Structures are given as C-alpha cells and as structure tokens.
Student: 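Quick one: the structure is below, questions incoming.
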Amino acid sequence: MKRPIPWIIAVVLLALVAGVFVMRTAPPPRTLSSPTPTPLPDDRVEERQRMVDRQIRARGVTDTRVLAAMEKVPRHAFVPSDVLDQAYNDYPLPIGYGQTISQPYIVAVMTELLKLKPGEKALEIGTGSGYQAAILAELTDKVYSIEIIPQLAERARATLDRMGYHYVVTKHADGYWGWKEHAPFDAIIVTAAPDHVPQPLLEQLADGGRMVIPVGPPGGYQSLWLITREGDEYHNFNWGGVAFVPLTRLEQ
Ligand code: SAH
C-alpha cells in the first residue's frame, strides 16, 4: 500500500517549485549605458533637475551631453558635510584649505566651451573636490586631473573612487607644468586663475584642441578665455568676467 506524502514534504516541494518560478521570472540584471553608477531615484534627483533647468538651461547652456552630465553627477557627494544642504545652490561653496567648488553654472559653461567628444583626452588643472573631473568623466573616458594641495588631491581621489570614476587619473603636483607624459590633450580646463596663460599648457594642447582658462590678477575678477589651437596658431575668445581662486605655485 502506498503511503501518502506527509503534508510537510508537500509544502517544501511547493515552496521549491515557487522559488524556481520566481527565479525564472526575475528580470535580467540591468546593464548600465555608461561605466558610472546611476544615482538612486531618491538621490536628490529633483534638486539636480531644478538646478539644471533654472541655473543652467535658463541661462543659455544648450549642449545636451553637458546638461545630462550635470543632471547625473550627484554634486552633493563632492561637497563637505557642513554645506551639504547648499550643494545645489547657485553659488560656489567652500571645500576647505581656502578653496571652492565652482558655481554649477560656471562648471556647465566651461564644460560646454570645451566641446569634449567621447574618447578625447582631457586635462584639468585644479581637481579641488573632484566634481568638475566627474562631469568631464561623463563625456569621455580619458580624464587627467592635477591638484596642488595634497589633502584635496587625496580626498578628491577617494570621492572619485567611491562614485565609480576609477578611470579618472589624478596626481598631486603643480599643474602649471601640465602633464607631459600624457600630452597632447584635446581639451584643457584650468579651474584656478593664473595671471598669464602657462606656456607648457599651450604646448600640450593638441592640434584642434581647446583650452578654457580664467586669466587675470589674483583676488579680483578675471576673463574666461577659450583658446583654440590650429597647427601653430592659437585663437582666443573672451567669454566674459569670472572670479576664481588664484593658481598657486610650488616652490621651484
Ligand atoms: N575644479 C574644482 C574647483 C577647484 S578650485 C572642483 O570641481 O571642485 C581650484 C583648485 O585649484 C583648488 O583646489 C586649488 O588648490 C587648485 N590649484 C591652485 N593652483 C594649482 C596648481 N598650480 N596646480 C594644480 N592645482 C592648483
């Protein structure tokens, strides 16, 4: 005579079958369209959209790749905790050591002027918080950034790694000299103001390359220049007035 299956075994069997079914019907893992992490839905996305709409798009920035990068990169991850609530406001913020993370609009304008295409090589002078480097890293996978204050260089490296931007190459040095080993660069962005355009940076700009740089006396207002190289000719366009921290120098 056949013994009936005890009910407990029946329940276990049912659970197993249900488990397999759930596993089969679970959606496949999502593949990211870019190598960087997508911010979570509650990751201050709305504040970022508002920042882009009101501070950036409304003032005439139209490059859709730049706007998308500014919408994606969580700026609040790059600012110190004491100014966290102001991360999406329309002004620069202190990042320690007398330095600042630039106003979002100025980051967008400078990035738009660079006309960076995927695969092009970009150099930033003045890593600071690492935020501008992350924006560049949304536009190309070849980003180099130099910072003169060792503590900032270290902190930005850690932030960039935490946010998944491992492929941004950083170093602690005086950016006046550029980064000869990796030259030429299709784009150079200087986020601290020298009183003249450093000759090494002009030399390390590729033919057809673009450099965006604030130039002027320290402590005052400077002019933001777009310098475009064509062969041995350099064309200059003055975008307008800006206020940056001075480009400092290491003792020679
Ligand atoms: N791009 C930064 C803004 C940084 S403010 C950001 O997104 O947060 C300017 C930075 O330039 C400061 O961190 C300052 O220490 C750095 N800096 C000044 N002179 C420099 C130099 N000669 N070489 C490299 N970095 C320099």
Side-chain angles (χ1 to χ4, degrees), residues 66 92 99-102 106-117 119-137 139-150 152-153 156-157 160 167-252:
V66 174
Q99 308 304 319
T100 53
I101 175 174
S102 305
I106 292 296
V107 172
V109 163
M110 291 175 84
T111 311
E112 184 174 54
L113 287 171
L114 284 180
K115 291 209 163 39
L116 200 53
K117 291 182 274 297
E120 284 192 329
K121 206 190 275 185
L123 172 68
E124 177 190 28
I125 310 301
T127 318
S129 66
Y131 176 68
Q132 173 76 69
I135 295 288
L136 299 176
L139 303 176
T140 180
D141 59 354
K142 295 187 190 67
V143 180
Y144 297 83
S145 186
I146 305 174
E147 170 57 50
I148 203 166
I149 298 178
L152 285 178
R157 178 71 265 163
L160 288 166
Y167 53 97
V168 173
V169 187
T170 57
K171 78 166 172 178
H172 162 233
D174 181 350
Y176 184 92
W177 303 107
W179 201 333
K180 220 171 171 189
E181 302 93 292
H182 299 292
F185 297 97
D186 303 295
I188 298 179
I189 178 169
V190 185
T191 65
D195 59 8
H196 64 277
V197 181
Q199 187 60 29
L201 298 184
L202 289 171
E203 286 163 12
Q204 291 174 29
L205 197 59
D207 190 2
R210 291 83 55 200
M211 173 167 18
V212 176
I213 180 169
V215 184
Y221 286 92
Q222 306 97 26
S223 293
L224 187 64
W225 290 94
L226 168 66
I227 302 173
T228 311
R229 180 173 188 172
E230 273 171 44
D232 285 334
E233 274 184 33
Y234 294 86
H235 305 279
N236 304 327
F237 164 75
N238 185 344
W239 179 83
V242 286
F244 275 82
V245 293
L247 187 97
T248 56
R249 303 297 313 279
L250 286 180
E251 297 291 335
Q252 297 305 307

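Computed from a prediction, not measured in an experiment: that's the story for all the values here. By convention here, the first residue in the shown sequence is residue 1.
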Student: Please check: side-chain N/O of S102 versus main-chain N/O of P92, any donor-acceptor pairing under 3.5 Å?
Tutor: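 No, S102 side chain to P92 backbone: no donor-acceptor pair under 3.5 Å.
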
Student: Specify the closest pair of heavy atoms between L250 and D174, including all atoms of both residues, with the distance to one decimal.
Tutor: N-OD2, 3.2 Å

Student: Closer than 3.5 angstrom, by distance alone: can the side chain of Q204 be matched with the main-chain N or O of F185 as a donor-acceptor pair?
Tutor: no

Student: Keeping the roles fixed (side chain from E147, backbone from G128), state whether a donor-acceptor pair exists under 3.5 Å.
Tutor: yes

Student: Tell me if a side-chain donor or acceptor on D207 pairs with a main-chain N or O of G231 at a distance below 3.5 Å.
Tutor: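 Answer holds: yes.
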
Student: Judged by atom type as modelled, is there a donor-acceptor pair below 3.5 Å linking the side chain of N236 to the main-chain atoms of I227?
Tutor: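 Such a contact is absent between N236 side chain and I227 backbone.
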
Student: Could you tell me whether a side-chain N or O of Q199 sits under 3.5 Å from a main-chain N or O of V197, the two making a donor and an acceptor?
Tutor: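 Not at all, since once roles are kept as given, no pair shorter than 3.5 Å links the two residues.
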
Student: Give a yes or no on whether the backbone of D186 and the side-chain of K121 come within a donor-acceptor separation of less than 3.5 Å.
Tutor: no

Student: Which value, rounded to the nearest 0.5 Å, describes the distance between I149 atom CD1 and T127 atom OG1?
Tutor: 10.5 Å

Student: Are S129 and Q99 close enough that a side-chain donor and a side-chain acceptor fall under 3.5 Å?
Tutor: no

Student: How would you list, by chain and number, every residue that makes a ring-ring contact (aromatic ring centres under 6.0 Å, His included) with H196, sequence neighbours excluded?
Tutor: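 H196 satisfies ring-ring contact (aromatic ring centres under 6.0 Å, His included) with Y176 once adjacent residues are dropped.
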
Student: So does N238 get a backbone contact from the side chain of S223, meaning a donor-acceptor N/O pair under 3.5 Å?
Tutor: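 No: the side chain of S223 does not pair with the backbone of N238.
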
Student: Please list all pairs meeting ring pair (Phe, Tyr, Trp, His ring centres under 6.0 Å) that have one or both residues in residues 219-245, counting only residues at least two apart or in different chains.
Tutor: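 Every candidate ring pair (Phe, Tyr, Trp, His ring centres under 6.0 Å) pair involving residues 219-245 fails, so no pair, neighbours aside, qualifies.
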
Student: Nearest heavy-atom pair of M110 and P214: which atoms, and what distance?
Tutor: CE-CD, 4.5 Å

Student: Is it true that a side-chain atom of E233 and a backbone atom of E230 form a donor plus acceptor pair closer than 3.5 Å?
Tutor: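 Absent.
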
Student: Would the distance check show the side chain of T191 and the main-chain N or O of G126 forming a donor-acceptor pair, the cut-off being under 3.5 Å?
Tutor: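 Judged by distance alone, yes, a pair lies under 3.5 Å.
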
